[in-house]
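Some notes on the structure that comes next.
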Protein chains: 2
Amino acid sequence: MGRNQDIPKAVIKRLSLYSRVLQNLEIKNVQKVSSKELGELLGVNSAQVRKDLAYFGQFGVPGFGYYVSELRSKIKKILRTDRPLKIGLIGVGNLGSALLSYTGFKKQGFHIIAAFDNDKRKIGKKHSDIIIQDIANLEKTIKEKGIEIIILTVPVEKAQEITNNVIDTGITTILNFVPIRLIVPDYVRVHYVDLSIEIESLSYYVK
Amino acid sequence: MGRNQDIPKAVIKRLSLYSRVLQNLEIKNVQKVSSKELGELLGVNSAQVRKDLAYFGQFGVPGFGYYVSELRSKIKKILRTDRPLKIGLIGVGNLGSALLSYTGFKKQGFHIIAAFDNDKRKIGKKHSDIIIQDIANLEKTIKEKGIEIIILTVPVEKAQEITNNVIDTGITTILNFVPIRLIVPDYVRVHYVDLSIEIESLSYYVK
DNA sequence: TAGATTGTTAATCGATTAACAATC
DNA sequence: TAGATTGTTAATCGATTAACAATC
């Protein structure tokens with residue numbers, strides 16, 4: 001399972017961006033694209049596009065460029081988004097319930113298939129086609145449904161404890177919206193989305 | 001107004017993180033902190049902490065460290081979050097309304113003071129203490145209320161057009177949740193929060 | 001074939017880390 | 001004073017970009 005840990009995180013993020021741009025080109029029925037064009041659409045250098053792809057193999061035709069849909073499907077395979085991703089969400093508060101109903105995920109083929117909370121008033125209620133479950137069922141449901149990624153939108157005070165529980169179930173990939181640095185073992189990957197930090201660092205650039 | 005454009009974006013983001021960690025230390029009544037301790041709390045090298053701060057001046061006491069609350073207030077001054085930030089939000093859909101009621105912003109002292117939509121059914125309705133306004137009033141309200149930052153949560157198809165309108169009002173800082181690269185003049189700063197890209201790049205690390 | 005663009009190596013650039021004199 | 005930690009310069013590391021032979 002230990003996949004090439006040595007590929008820079010920035011490369012993986014750009015791969016996702018390439019994938020989306022290629023999707024847009026596909027919709028427009030564009031057949032071919034060069035690294036130069038792809039780079040321009042994303043604001044990155046053409047050499048970087050080629051180098052990013054070179055980490056994973058050879059996908060282009062010298063003198064020609066890349067076949068749009070072929071490249072896209074290969075990138076999706078690399079990212080493993082060539083199949084439905086099984087996502088669970090913990091903490092159905094403001095942000096959590098917004099993410100549950102966020103159509104942007106569905107558009108990209110990402111489906112949240114389970115949601116958990118500890119609030120008795122929420123448990124059992126239906127939200128965007130899924131029934132909110134008691135967090136006590138976390139391990140059972142994660143295993144039954146084969147959930148691979150957990151989105152964390154719980155209160156700060158509970159975040160570390162719940163993270164520990166999540167890791168105990170065998171989950172290794174977490175998207176954390178809670179403004180706290182989680183302590184996790186090396187093999188667990190946490191990506192942080194910190195809305196306040198985004199605002200605060202934008203503030204510096206206010207004219 | 002042209003502030004030091006040459007300070008790396010990563011430094012500004014870390015500054016926001018330092019600020020939050022210092023806030024937590026303040027709450028715990030910790031008086032002093034060294035660059036080593038601060039670095040450990042954030043997973044960065046102590047030399048980096050010192051170097052980041054050195055961009056802006058000398059804040060420490062050799063042989064001693066930094067006074068927690070003094071350092072924090074100086075960082076807040078640099079980031080200009082030592083005063084209430086005036087934020088407007090455009091697009092009161094799922095994500096937009098979640099951000100309106102997101103308590104995390106308020107906790108950090110960031111207040112969304114205006115929200116806009118073009119849906120007649122939403123306009124005039126109250127949401128988290130603010131009345132949703134017609135987007136036709138964008139320029140007027142931004143100027144009247146002195147809004148400095150715009151959060152964009154509109155549908156993809158309208159994002160570029162609305163961005164153009166926003167820029168026409170004189171706004172130069174945008175937090176964009178719409179999964180599209182916005183075309184803006186050089187003096188405008190756009191930060192992107194792209195939830196699908198976060199999921200897609202996490203997918204690569206699924207075991 | 002001539003033209004174009006890839007894949008890849010070498011050069012450059014920038015950011016991170018180490019080291020240490022200055023100093024509290 | 002001795003010990004500790006800053007601020008800053010120099011060394012290292014890694015990522016980006018340029019250049020070009022290979023090749024369609």
Side-chain angles (χ1 to χ4, degrees), chain A residues 4-19 21-22 25 30-75 78 181 197 201 204, chain B residues 4-19 21-22 25 30-75 78 181 197 201 204:
Chain A
N4 322 19
Q5 289 288 13
D6 41 1
I7 289 164
K9 196 174 157 178
V11 171
I12 300 300
K13 199 154 255 179
R14 280 195 297 268
L15 237 45
S16 314
L17 290 166
Y18 300 155
S19 162
V21 167
L22 289 165
L25 292 174
V30 178
Q31 307 287 310
K32 82 151 269 230
V33 71
S34 68
S35 58
K36 187 159 173 283
E37 290 162 339
L38 207 45
E40 275 162 10
L41 288 166
L42 277 146
V44 307
N45 186 287
S46 71
Q48 182 151 77
V49 173
R50 297 196 298 279
K51 197 143 201 284
D52 285 348
L53 297 173
Y55 279 103
F56 303 96
Q58 310 190 162
F59 305 106
V61 185
F64 175 81
Y66 304 86
Y67 288 101
V68 169
S69 54
E70 189 194 313
L71 181 59
R72 173 151 199 261
S73 76
K74 286 186 173 165
I75 290 177
I78 292 165
R181 204 176 129 80
I197 294 293
S201 57
Y204 176 77
Chain B
N4 323 17
Q5 290 287 12
D6 41 0
I7 289 164
K9 195 172 156 179
V11 171
I12 300 300
K13 198 154 253 179
R14 280 196 298 268
L15 237 46
S16 314
L17 291 165
Y18 299 155
S19 162
V21 168
L22 290 165
L25 292 174
V30 178
Q31 307 286 309
K32 80 149 270 225
V33 71
S34 69
S35 58
K36 187 159 173 284
E37 290 162 340
L38 207 45
E40 275 162 9
L41 288 166
L42 277 145
V44 307
N45 187 287
S46 71
Q48 181 150 75
V49 174
R50 298 197 297 279
K51 195 141 202 285
D52 285 348
L53 296 173
Y55 279 103
F56 302 97
Q58 308 191 163
F59 305 105
V61 185
F64 174 81
Y66 303 86
Y67 288 100
V68 170
S69 54
E70 188 193 313
L71 181 58
R72 172 149 200 263
S73 75
K74 284 185 175 165
I75 290 178
I78 292 164
R181 204 175 132 79
I197 294 292
S201 57
Y204 176 77

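So that the names make sense, note that chain A is the first sequence line, chain B the second, and so on, each numbered from 1. From a predicted model like this one, the values you see are computed outputs, not experimental measurements. Below, all heavy atoms of this structure are taken into account, side chains as well, without hydrogens, waters or symmetry copies.
Within 4.0 Å (heavy atoms only), A:K51 reaches at least one base atom of the nucleic acid. In this structure, B:S35 reaches the sugar-phosphate backbone alone: every heavy-atom distance under 4.0 Å involves primed, P, OP1 or OP2 atoms, never a base.
Toward the 5' end of DNA chain D, the nearer of the two residues A:G63 and A:V44, judged by each one's closest nucleotide, is A:V44. Toward the 5' end of DNA chain C, the nearer of the two residues B:Q48 and A:Y66, judged by each one's closest nucleotide, is A:Y66.
The environment of NZ in A:K36 is sparse: at most 12 heavy-atom neighbours from other residues, nucleotides or ligands sit within 6.0 Å.
Of all nucleotides in DNA chain D, those with any atom nearer than 4.0 Å to a heavy atom of chain A start and finish, going 5' to 3', at D:dA15 to D:dC24.
Put simply, the residue from A:V61, A:L71, A:L22 that forms a side-chain contact (heavy atoms from CB on, under 4.5 Å) with A:Y66 is A:L71.
To the nearest 0.5 Å, atom CG of residue B:L53 and atom NZ of residue B:K74 are 11.0 Å apart.
For the pair B:E37 (side chain) and B:S34 (backbone), a donor-acceptor distance under 3.5 Å is present. Between the side chain of A:S201 and the backbone N or O of A:I197 there is at least one donor-acceptor pair closer than 3.5 Å.
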For this session: For ring pair (Phe, Tyr, Trp, His ring centres under 6.0 Å), just list the numbers for A:F64 and A:Y67, CA-CA rounded to whole Å, side-chain angles, deciding distance to a tenth of an Å, and then say yes or no.
Result: CA-CA 9 Å; A:F64 175 81; A:Y67 288 101; 4.9 Å; yes
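Nucleotide C:dC24 has D:dG3 as its partner under the Watson-Crick or G-U criteria, with both atom distances under 3.5 Å. Using the Watson-Crick or G-U wobble rule with both distances under 3.5 Å, C:dT16 pairs with D:dA11.
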